[in-house]
Amino acid sequence: MRRRAQNNLPFKPKRRRLMSLARKKARWGYLFVLPLCCGLIFMFGVPAARSAVFAFSKVNIGASGYTTVPCGFDNFRDALFVNTSFREKAVISALNMLLNLPLITVFSFFAASLLNQKFRCRWLVRTIFFLPLVLSAPALMNFEAGDALRSMMGASGNFKQSQSLTGLESVNLANLLISSGVLPQTVASYLAGAADRIYDIVILSGVQMLIFLTALQSIPPTMYEVAAIEGASAWESYWRITFPMTCPMIMTSMIFTIIDSFTASTNKTLEIIRNTAFNSFNHGLSAAMAWIYTLLILLVLGLVVMIMRRVVKRYEG
Amino acid sequence: MRADANKRFKRRRRISFRPGSWLWKLFRAGIIVGISYIILYPLLIKLAVALMPEADMYDMTVKWIPRRPTLASFKEVLQLIDYPAYLLTTLGVSSAAALVQVAACTLAAYGLARFSFRGRSLLFFLVILTLVLPQQTYMTTTYMQYRYFNLYGLLGIFGYKGASLINTPWPLLLMSFGCQAAKNGLFIYVLRQFLKRLPVELEEAAWVDGAGVGTIFYRIMLPNAGPALVTVSVLSFVWTWNDLYTASTYMPAMKLFSTLLNNLTFQITRAEGGSSVIDTVHVSMYTNAGALLIIAPLIVMFIIAQRFFVQGVERTGLTGM
């Protein structure tokens, strides 16, 4: 490549060389995306298309492969009206996500502006704040939340064994608060729920914090200097410079939050989809559920993006 | 400049709740400590329980700090589970997968960022689509591809029935090669945004000096993409390490930490059950110690890498504004 370019340099007319150069470069581009193309075709396109076929058929798995018998919308009907726990769980995951979405966005924005300031031991604080990024193993999250109170109970002497590692912690905490007799029941369970949610939110906002931190870093410092010369207080320059400059990233972070919460493997809906395929071996139903779920994700994503666009437009206008 | 201006303002207003004032610093410190506590709480309580001797577990007065801290739980867990084998397997699989992922994603990102070939925007759209679609949507069919592996049907033409790749790291490595492992769309997105922001003049200068496309990529783009590469490498390593879905689907019998952590209580109960009566307090102590042992390598690595990581983060331009 290099030798040819050098050899050809003095002999060929300029215009032709430039054209072939551009074309040659474009051809090199294909080489760079070759692995990606292979992946998209063989590991994404083909399985996704097959799974779409599965969704409309009865799948029988044999010793050396599978056969499909088309059955129309039967699987979709089963997923929506026969297997009610799927519908319920899907709606719950969507609602849960919508409940967490503003909290995660606000928290990660706030935490990122904190991390962007200069103070002593900043590296330590940054390490701790980014720790959820490292530890947010789906398994770990359940595990930590589930086991923490259990061990506390163990330590305080009235050891109670919780039935499962997942999702019972708030019930325990609520019981604890109610039995302490200070708080009424509704307040106690609300507090317990909020306490759980704080942990979830902090754990779930790792990447969003990253997004906001890089956005904050990319604001040119000259802007602040100008503002300071013009006599703006730090508070004013935060709301007039920092916030508007990072505003576009709110959408990016929200989109990531939505995708992340819908596709996290701790998600209860995905668990059902998985169990339907690998424990009940009903692959057709599982595929139908998965596609309904995908449509739900796209719907929520589209809705949030639409609303946010309108909000941002109004803010800018 | 800014500090100067701040000083002037300080003179004008005595007591204020602004950045720089002691009140603000105190408030900030409180919030930082609070959030750090929330993040570290599960780890701290695990550590407390893991260090307790059995007597402390039943002692009402002992809540956080064990009266006689012992390492007995850790020793017991190390006997119950084959820790070195798990560590080596997990380390090997995650570093190999991360290496392949970062290489494939960087190539793809460079291709998408700098070359204007036909179908580029379609390709990028598909990359984002892989991020939005849950892997579970095409889980069964992907699983079958590797259960009866005949090179994605290419060897099927010759009547080859296919071999099972389940319980080998190959499915993960192949998916890493094709940028289809977990969250690889995000890596491509981040790297593409970063490479797009590098000045084109760098490459043009190299072209004029007679460098080929490969040389430009290797000698010009890669060194300049350092910060983004560090961020993506750390994330891909850590996420592969933690990826329960891939591990339990394609490598359920392999000794990986992610699957072990998911059913640690079960494993320990089973290992315990052979020797004596199952005791929930014991199981809790061992589970906590075991979880800490599993997390420990990751935390140590992150503390070592965090300096580069955070620096990388600052310059990644993840946001690409």
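So that the names make sense, note that chain A is the first sequence line, chain B the second, and so on, each numbered from 1. In what follows, every heavy atom counts, from backbone to side chain, and hydrogens, waters and symmetry copies are set aside.
- Among the candidates B/Leu126, B/Thr130, B/Leu129, the residue making the largest number of heavy-atom pairs closer than 4.5 Å to chain A is B/Thr130.
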Requested in this report: Would you sort out whether B/Thr141 and A/His283 count as a side chain to side chain contact (heavy atoms under 4.5 Å, CB included), showing the intermediate values?
Outcome: CA-CA 9 Å; B/Thr141 42; A/His283 293 279; over 6 Å; no
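- Of the candidates B/Tyr110, B/Phe115, B/Phe117, B/Phe115 is the only one forming a side-chain contact (heavy atoms from CB on, under 4.5 Å) with A/Trp28.
- Within the 4.5 angstrom heavy-atom criterion, only backbone atoms of B/Ser116 (N, CA, C, O) approach chain A.
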Requested in this report: Under the ring pair (Phe, Tyr, Trp, His ring centres under 6.0 Å) rule, what do B/Phe217 and A/Phe32 come out as? Steps first, then yes or no, please.
Outcome: CA-CA 10 Å; B/Phe217 176 71; A/Phe32 276 104; 5.1 Å; yes
Requested in this report: Go through the steps to decide whether A/Leu131 and B/Leu40 satisfy the test side chain to side chain contact (heavy atoms under 4.5 Å, CB included), and finish with yes or no.
Outcome: CA-CA 9 Å; A/Leu131 212 54; B/Leu40 292 179; 3.9 Å; yes
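- Listed options B/Thr106, B/Thr142, B/Ile303, B/Leu123 were ranked by heavy-atom pairs under 4.5 angstrom with chain A; first place goes to B/Leu123.
- Ring pair B/Tyr143/A/Phe278: centre-to-centre distance below 6.0 Å.
- Of the residues considered (A/Leu270, A/Thr294, A/Val202), A/Leu270 shows the highest number of contacts with chain B, using heavy-atom pairs under 4.5 Å.
- Using a 3.5 Å distance cut-off with no hydrogens or angles, the side chains of A/Arg274 and B/Thr249 do pair a donor with an acceptor.
- Panel note: side chain A/Ser51, backbone B/Thr137; a donor-acceptor pair is recorded below 3.5 Å.
- Both the backbone and the side chain of B/Ser248 have a heavy atom closer than 4.5 Å to some heavy atom of chain A.
- Residues A/Tyr30 and B/Arg120 fail the side-chain proximity criterion, which asks for heavy atoms closer than 4.5 Å.
- B/Arg28 approaches A/Phe119 most closely through the heavy-atom pair NH2-CB, 3.5 Å.
- Contact count versus chain B (heavy atoms, under 4.5 Å) is highest, among A/Phe107, A/Tyr238, A/Phe262, for A/Phe107.
- Looking only at heavy-atom pairs under 4.5 Å with chain B, the residue among A/Val53, A/Ile128, A/Ile255, A/Leu216 that has the most is A/Ile128.
- Between chain A and the residues B/Thr140, B/Leu235, B/Ile188, B/Val234, the most heavy-atom pairs under 4.5 angstrom are made by B/Thr140.
- By number of non-hydrogen pairs under 4.5 angstrom with chain A, the leading residue of B/Ala104, B/Ser36, B/Cys179 is B/Ser36.
- Considering every non-hydrogen atom in both A/Gly39 and B/Gln180, the closest pair reads O-CG, 3.5 Å.
- Note that CZ of A/Phe44 and CE of B/Met175 are 13.5 Å apart. Values are rounded to the nearest 0.5 Å.
- With a 4.5 angstrom heavy-atom cutoff, B/Ile294 does not touch chain A via any of its atoms.
- With B/Tyr138 contributing its side chain and A/Gly45 its backbone, the two residues share no donor-acceptor pair below 3.5 Å.
- Looking at A/Phe129, the atoms closer than 4.5 Å to chain B (heavy atoms on both sides) sit in the backbone and in the side chain alike.
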Query raised in the report: Which is it for B/Gln136 and A/Ser286 under the side chain to side chain contact (heavy atoms under 4.5 Å, CB included) test, yes or no, and what are the steps along the way?
Result: CA-CA 9 Å; B/Gln136 280 82 348; A/Ser286 160; over 6 Å; no
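- Taking the side chain as every heavy atom from C-beta outward, A/Tyr293 and B/Pro134 approach each other to under 4.5 Å.
- Taking A/Ala55, A/Gly206, A/Ala290 one by one and counting their heavy-atom pairs under 4.5 Å with chain B, the maximum is reached by A/Ala290.
- At a threshold of 4.5 Å between non-hydrogen side-chain atoms, the residues A/Leu36 and B/Leu112 count as touching.
- What you find for A/Ile259 and B/Leu131 is that their closest heavy atoms are CG2-O, 3.2 Å.
- Note that OG1 of B/Thr231 is 7.5 Å distant from CG of A/Leu210, once rounded to the nearest 0.5 Å.
- For A/Leu114, the part sitting under 4.5 Å from any heavy atom of chain B is the side chain, from C-beta outward, and nothing else.
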Report task. Start with the C-alpha distance between B/Ile299 and A/Val134, add both sets of side-chain angles, then the distance that settles side chain to side chain contact (heavy atoms under 4.5 Å, CB included), and finish with yes or no. Result -> CA-CA 8 Å; B/Ile299 294 183; A/Val134 177; 5.6 Å; no
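- Within the 4.5 angstrom heavy-atom criterion, no atom of A/Leu34 approaches chain B.
- Annotation for A/Thr263 and B/Leu133: closest pair CG2-C, 4.5 Å, computed over non-hydrogen atoms.
- Distance CD/B/Gln135 to CE/A/Met43: 12.0 Å, rounded to 0.5 Å.
- Checking side-chain atoms of B/Gln145 against main-chain N and O of A/Phe42 turns up a donor-acceptor pair under 3.5 Å.
- Residue A/Leu31: no heavy atom, backbone or side chain, is found under 4.5 Å from chain B.
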